[in-house]
Asker: 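Next up is a structure, given as structure tokens.
Naming: A, B, ... by sequence-line order, numbering from 1 per chain.
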There are 2 protein chains.
Amino acid sequence: MTNSTQAHAEVAITNLGERATEARRRTLEVLLRAERPLSHTEIEAALAARGVLDRVTLYRVLDWLVAKGLAHKIEGHDRVWRFNATADDARGHAHFCCTDCSKVYCLTGIKPAFVLSLPPGFRLGEADLSLRGTCPDCQPR
Amino acid sequence: MTNSTQAHAEVAITNLGERATEARRRTLEVLLRAERPLSHTEIEAALAARGVLDRVTLYRVLDWLVAKGLAHKIEGHDRVWRFNATADDARGHAHFCCTDCSKVYCLTGIKPAFVLSLPPGFRLGEADLSLRGTCPDCQPR
DNA sequence: CTGAGATATGCAACACAGTAGCGCAACGAA
DNA sequence: TTCGTTGCGCTACTGTGTTGCATATCTCAG
Ligand SMILES: [Mn+2]
Ligand SMILES: [Mn+2]
Ligand SMILES: [Zn+2]
Ligand SMILES: [Zn+2]
């Protein structure tokens, strides 16, 4: 279990023909194990268990993972980026941000839909759908 | 024209039974005149023409306008809030952020739609739809 | 009109996520 | 082994927004 995630991380990187450095492996491993997107601070804390990684390096590794398509990042309403290992399938899914505990969840089953009648002159790239409300952990009662 | 916007701003505030201070009037005026959401910095610059307003006061005035429903704020992808005077009708519309010039536009005609089958335990509050792409000003040729 | 309480403003210091620069280490192709 | 490239760590810095507190301004009861 633990080891399969390690292997998964390493393979995912080497499959791209890229250097699977310790920083990259360990970071991706944390993301793969997480059940929801994690902030830089949360990832740092998770890594700390087995030795610290430099703050700036972590920022760079995270950007690198995103650039290589191994992770995606979501911007919360608290001006903080959160990162999640990208499942190959679920692209462009919605995200849910809990207004109580401010945890963020990937809703891989929900994708944005909208009348795509943009005003003239606008060219559409991507669409982000971000939902807010209370998460299961925070339901009253 | 200029004066009608001034009047509009003042009336909008006094209609709520609130104090129409200079900071509030001038700030709302700037928002009303703008054709798109403005960042704190942009608003500050716009205000500077007729005398400076304290940075912190402006932050507080903007929050106040939002709390009173006279403005709404949109979070960009650059960790910056942008503010727009709220038209009474268009609630919950989508926003478009130009990936070139990073200007933000309110698309009052477009509202988010999605299958509202949230996973069990989630209670939905609001939904934000944010589109990205290139704006009319930034079209190649 | 006046003065006490409430509200708004200004200033200084701070918090915090993220970034830039730069030297050194590790890697890997020749 | 050598040397160019890539990644890492450290320090210092930005930009955006916040907190605390003293002062100014407004409101309204008396
Ligand atoms: Mn996601
Ligand atoms: Mn808007
Ligand atoms: Zn929650
Ligand atoms: Zn543009």
Asker: Among D/dG17, D/dT11, C/dT9, find the nucleotide with the atom closest to the side chain of B/Tyr59.
Answerer: D/dG17

Asker: Among C/dT19, C/dT9, C/dA12, which nucleotide has an atom closest to any side-chain atom of A/Val56?
Answerer: C/dT19

Asker: Reckon B/Val80 touches a base, only the sugar-phosphate, or nothing at all at heavy-atom distances under 4.0 Å?
Answerer: sugar-phosphate

Asker: Ignoring backbone atoms, establish whether A/Thr21 has a side-chain N or O less than 4.0 Å from OP1 or OP2 of D/dC8.
Answerer: yes

Asker: Between C1' on C/dA6 and CD on B/Glu18, what's the gap in Å once rounded to a whole number?
Answerer: 13 Å

Asker: Tell me if the side-chain of B/Arg55 makes a donor-acceptor pair with the base of D/dG17, cut-off 3.5 Å, by modelled atom types.
Answerer: yes

Asker: To the nearest Å, give me how far apart CD (A/Glu44) and P (C/dC16) are.
Answerer: 13 Å

Asker: Would you mind telling me which residue lines up with the more 5' stretch of DNA chain C, B/Thr57 or A/Asp78, judged by nearest nucleotide?
Answerer: B/Thr57

Asker: Which heavy atom of B/Cys135 sits nearest a heavy atom of B/Tyr105, and at what distance?
Answerer: SG-OH, 3.1 Å

Asker: If you round to the nearest 0.5 Å, how far is CD1 of B/Ile13 from CH2 of B/Trp64?
Answerer: 5.0 Å

Asker: From the list C/dA17, D/dG17, C/dC11, which nucleotide is the closest neighbour of the side chain of B/Asp54?
Answerer: C/dC11

Asker: Hey, is the side chain of A/Trp81 poking within less than 4.0 Å of OP1 or OP2 on C/dG18, counting only N and O atoms?
Answerer: yes

Asker: Looking at C/dA20, C/dG10, D/dG7, which one has an atom nearest to any side-chain atom of A/Trp64?
Answerer: D/dG7

Asker: Applying ring-ring contact (aromatic ring centres under 6.0 Å, His included), can you list everything that pairs with B/His72, at least two apart in sequence or on another chain?
Answerer: B/His93, B/His95

Asker: To the nearest Å, how far apart are B/Arg79 CZ and C/dT19 P?
Answerer: 8 Å

Asker: For the CZ atom of B/Arg132 and the CG atom of B/Asp100, what is their distance to the nearest 0.5 Å?
Answerer: 13.0 Å

Asker: Could you give the CD1-to-P distance, from B/Ile13 to C/dT7, as a whole number of Å?
Answerer: 17 Å

Asker: Count the heavy atoms of every other residue, nucleotide or ligand shown that sit under 6.0 Å from CZ of A/Arg36, and state whether that count exceeds 12.
Answerer: yes

Asker: Does the C/dG10 base have a donor-acceptor partner in the side chain of B/Arg60 within less than 3.5 Å?
Answerer: yes

Asker: If you find the nucleotide of DNA chain D closest to A/Glu22 and the one closest to B/Arg19, which residue's nucleotide is nearer the 5' end?
Answerer: A/Glu22

Asker: Which part of the nucleic acid, if any, lies within reach of A/Arg24 when heavy atoms closer than 4.0 Å are counted: base, sugar-phosphate only, or nothing?
Answerer: sugar-phosphate

